[in-house]
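Step one of this worksheet: look at the structure below.
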Amino acid sequence: MKKIFTTCISVLAAMAAMAQGWPSKYGGVMLQGFYWDSYADTQWSNLERQADELAEFFRLVWIPQSGKSASDPSMGYNDLYWFNDYTSSFGNEEQLRSMISTFRQKGLGTIADVVINHRSSLAGTWMSFPEETYKGVTYTMLPSDICSNDDGGKAAAQAEVKPTGAYDTGDDFDGARDIDHTSANAQAVIKAYLDFLLNDLGYAGFRYDMVKGYAPTYTGMYNAAAKPEFSVGEYWDGTQKIQNWIDGTTTDGAVQSAAFDFPMKYLLNDCCNQGGNWSTLAGSSLTASPSYRRYAVTFVDNHDTYRDQNALTGNIAAANAFILAMPGTPCVFLPHWQAYKPELKQMIYARYAAGINNESTYETMARLPEQYAVKVNGAGGKSVVVLMGSTQWPRSTVDEGDYFQVEAGDNYAYYLSRNSETVWADMPSGTYDNAFVVKLNAVTTAGGAQLVYTTDGTEPTAANGTTAADGSTVGITGDTTLKVGMLVGGAVTGVITRTYKVAKFEPHDITVYVNADNVGWGNMNYHTWGGDNTHNTDWPGTRVAATTVIDGKTWYHNTYRLNSSTDYVSFVFSTNSGSPQTVDVVNVKTDKFYEISATQSNGKYLVDDVTDQHATGIGTVTAGNTAATADADVYTIDGRLVRRCAEGTTPDEAVDGLAKGIYIVGGKKVLKK
């Protein structure tokens, strides 16, 4: 009986620990799997296809709000249905469930974007909400569940039925109905909704949107009831106010939610955008506090900051190196993952190898305007070192000889301690355009280490594999599963696995269309940079005169050749001599239609991606083409081989059965509807 009782206590203790905001000593890295208007990249089916690759590097993937919204397309922040309609701009319910299930099987938890500060009403109404049934109970929200001062009093003055809830317990949101979280009915609906997300759809946890809009005690109440393992709130402010919010979620003596470390993001902006005083990284943040770093979810940019004056515009790889070295839980932004994938992969490998977690300690090696350097302590005496600014090893008690450099770039260098006793490959897992050579090194304190490897996925042993010296290279000519370990005393230790695919890349053109009707520009410059650097122009760029009329609008357009799978083009659009101008539009790899908005941010015009509305107007797309072509192999728009076809196959036959989208067939773009 005592044994059973002890087991029950252990289970209860484990459950309680899971409900305390964010796991203690958590070592995972999270991916924000979307950006604003990422309707193609973030399709549930598209993310699911990447599950194997994502699971090697991430433990959590945060996705957009997945229920049906009040409009389409929508990023989900005008949420309407919570239980019974999961047809969103990113896919249907079947695809959502399939993605979440596949992620879970691969060891990836899916984080739901929970929008409960506000809720949209049915079309043409202010105060009518869907009636939805879950577990035999019908839920709906009433005017008494809406803050009586919603929209600064406009709801009370203009709605068909006045809201009668209590006053808002946080900031007002002008755009949907602000929920009265003091309402017992609202609380019941939200608790059921969170239960549905966790226990029916299979989400692992929550990202709470705009938690400034209601008192933190309600986040604590909802999490104490739902018991998610992961919860993070979006509270943009200074360190002390965010700490107060975290403390405010405390329920039954336990903190119930982590928070995004906006103060660290602001510190990164200050030094990385100007490339100035790197010592500012030592400033106040959640991560800098031993008491709060467990609850710090660090990030460089997100879907909101990326498109406004808070965007990080310089030293992006360096900024990611910093969060991937430091304690807290790093959250990598999808466009950064897409643009800097090889570099980020290597740094994530090193973080995991050193056992860095969200409560790791660190020591400052240098704090100077030209350099900020820290050593972050992981598990079992292992550590990483990150140098920001100057990459020269600083004068420090930390010996450079005890570390192996795993990655370096503009204004950063990343090191793994040699006592990690593992192997390092200088090419991460991934898909490569052509055959390549990978260099292997022993990261060890022992001298004269030997390596042993296999290229067929079998485990290397003293009797199975090729023996090689430290620093040897292996040629990769096709799809290969490389396993490498250190051979010590007849035993193989520290084995790593790298999975390589070699895919033929077909260089191809992309065309970028811009409409300036909203701002009345009479001419257009395209300033370009990035990718393989063949697209770089001096400011203010190239005057673009070519126009075409599509859907009654005049579009400027220019064409660019992509030369590799990692190639891309970034843009600033402007008129006259570069003023006025737009915000940056980065990492473009496909045909795009952009409209310049009349809205400005920090003196620059915003840009709307309207590709979905105008893709059928792309002049080079052939649809319904029955003419056979000698080369009918099918490539994705970024040059990946999808299907090999026999000579004489028509474009329609070549894309038959493939998902909707644009493909390259015989050097032409084909729209599969």
Side-chain angles (χ1 to χ4, degrees), residues 6-31 57-62 104 107-112 194 198 203-208 211 216 219-235 239 242-261 263-264 285-299 323-332 348 350-363 374-384:
T6 302
T7 301
C8 291
I9 292 295
S10 298
V11 171
L12 290 172
M15 290 178 64
M18 289 176 64
Q20 292 183 19
W22 201 270
S24 176
K25 301 190 183 307
Y26 182 68
V29 178
M30 181 162 70
L31 174 72
F57 300 95
F58 300 102
R59 302 294 176 263
L60 300 169
V61 179
W62 161 29
R104 186 170 55 246
L108 272 169
T110 308
I111 300 297
L194 299 181
L198 286 179
Y203 280 102
F206 309 137
R207 177 267 183 185
Y208 285 103
V211 295
T219 299
M221 173 195 297
Y222 301 140
N223 280 350
K227 294 181 171 54
E229 187 174 4
F230 303 96
S231 170
V232 55
E234 180 204 29
Y235 195 101
T239 304
I242 300 178
Q243 290 176 350
N244 291 344
W245 182 85
I246 292 171
D247 291 340
T249 70
T250 300
T251 303
D252 297 329
V255 167
Q256 296 293 327
S257 186
F260 286 105
D261 195 347
M264 176 177 278
S285 66
L286 296 183
T287 303
S289 169
S291 301
Y292 288 93
R293 62 179 56 138
R294 168 180 172 178
Y295 305 110
V297 177
T298 58
F299 69 106
I323 68 168
L324 288 170
M326 294 293 282
T329 299
C331 182
V332 174
I348 293 172
R351 181 183 179 90
Y352 289 155
I356 306 299
N357 65 59
N358 59 343
E359 295 183 270
S360 289
T361 61
Y362 64 92
E363 54 194 88
V374 293
K375 171 193 170 190
V376 186
N377 303 307
K382 297 177 287 188
S383 58
V384 299

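Note that these values count all heavy atoms, side chains included, but never hydrogens, waters or copies made by symmetry. All residue numbers refer to positions in the sequence shown, counting from 1.
- Using a 4.5 Å cut-off on side-chain heavy atoms (C-beta onward), Pro216 and Val211 make no contact.
- Pairing each heavy atom of Gly355 with each of Ser360, the nearest pair is O-OG, 4.4 Å.
- For Asn377 and Thr361, the side-chain atoms include at least one donor-acceptor pair closer than 3.5 Å.
- Between Ser289 and Thr239 there is no side-chain heavy-atom pair separated by less than 4.5 Å.
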- Residue pair Phe58, Val332: steps toward the side-chain contact (heavy atoms from CB on, under 4.5 Å) verdict: CA-CA 9 Å; Phe58 300 102; Val332 174; 4.0 Å; yes

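- Note that OG of Ser257 and CD of Gln20 are 12.5 Å apart. Values are rounded to the nearest 0.5 Å.
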- Task: Any chance you could lay out the side-chain contact (heavy atoms from CB on, under 4.5 Å) test for Leu286 and Ile246, step after step, and finish with the verdict?
- Result: CA-CA 10 Å; Leu286 296 183; Ile246 292 171; 4.1 Å; yes

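- Between Arg351 and Val29 the shortest heavy-atom distance is CD-CG2, 3.9 Å.
- To the nearest 0.5 Å, atoms CG (Leu60) and CD (Glu229) are separated by 8.5 Å.
- With sequence neighbours excluded, the residues forming a ring pair (Phe, Tyr, Trp, His ring centres under 6.0 Å) with Phe299 are Phe260, Phe262, listed by chain and number.
- Tyr208 places no side-chain N or O within donor-acceptor distance of the main-chain N or O of Tyr235, the cut-off being under 3.5 Å.
- Judged by distance alone, the side chains of Ser24 and Glu359 do bring a donor and an acceptor atom under 3.5 Å apart.
- Of all heavy-atom pairs spanning Trp245 and Gly233, the tightest one is CH2-CA, 3.8 Å.
- Here the CE atom belonging to Met264 is positioned 3.5 Å from the OG1 atom belonging to Thr287, to the nearest 0.5 angstrom.
- Residues satisfying the salt bridge (charged side-chain N to carboxylate O under 4.0 Å, His left out) criterion with Lys382, sequence neighbours excluded, are absent altogether.
- A donor-acceptor pair under 3.5 Å is formed between the side chain of Asn358 and the backbone N or O of Tyr26.
- Within the model, atoms SG of Cys331 and CG of Asp261 stand 12.0 Å from one another, a figure rounded to the nearest 0.5 Å.
- Put simply, the side chain of Thr251 gets close to the backbone of Thr249: a donor and an acceptor are under 3.5 Å apart.
- Residues meeting the salt bridge (charged side-chain N to carboxylate O under 4.0 Å, His left out) test with Arg293, sequence neighbours left out: none.
- Contacts of Tyr362 classified as ring pair (Phe, Tyr, Trp, His ring centres under 6.0 Å), with partners at least two apart in sequence or in another chain: none.
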- Task: Quick one: do Phe206 and Tyr222 satisfy ring pair (Phe, Tyr, Trp, His ring centres under 6.0 Å)? Show the steps, please.
- Result: CA-CA 11 Å; Phe206 309 137; Tyr222 301 140; 9.8 Å; no

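- Heavy atoms only, all atoms of each residue included: Leu198 and Ala226 are closest at CD1-O, 3.4 Å.
- Looking at residues two or more places apart in sequence or on another chain, you find no side-chain hydrogen bond (donor to acceptor under 3.5 Å, both in side chains) involving Asn357.
- Asn223 approaches Gln256 most closely through the heavy-atom pair ND2-O, 2.8 Å.
- Put simply, the side chain of Trp22 reaches to within 4.5 Å of the side chain of Val297, judged on heavy atoms.
- To the nearest 0.5 Å, the span separating OG1 on Thr329 from CD1 on Ile323 amounts to 10.5 Å.
- Counting only N and O atoms by type, the side chains of Tyr295 and Asp247 include no donor and acceptor under 3.5 Å apart.
- For Glu234, the salt bridge (charged side-chain N to carboxylate O under 4.0 Å, His left out) test picks out Arg207, with sequence neighbours left out.
- Contact annotation: the side chain of Ile111 approaches that of Met30 to within less than 4.5 Å [non-hydrogen atoms, C-beta and beyond].
- Heavy atoms only, all atoms of each residue included: Ala259 and Ile242 are closest at CB-CG2, 3.6 Å.
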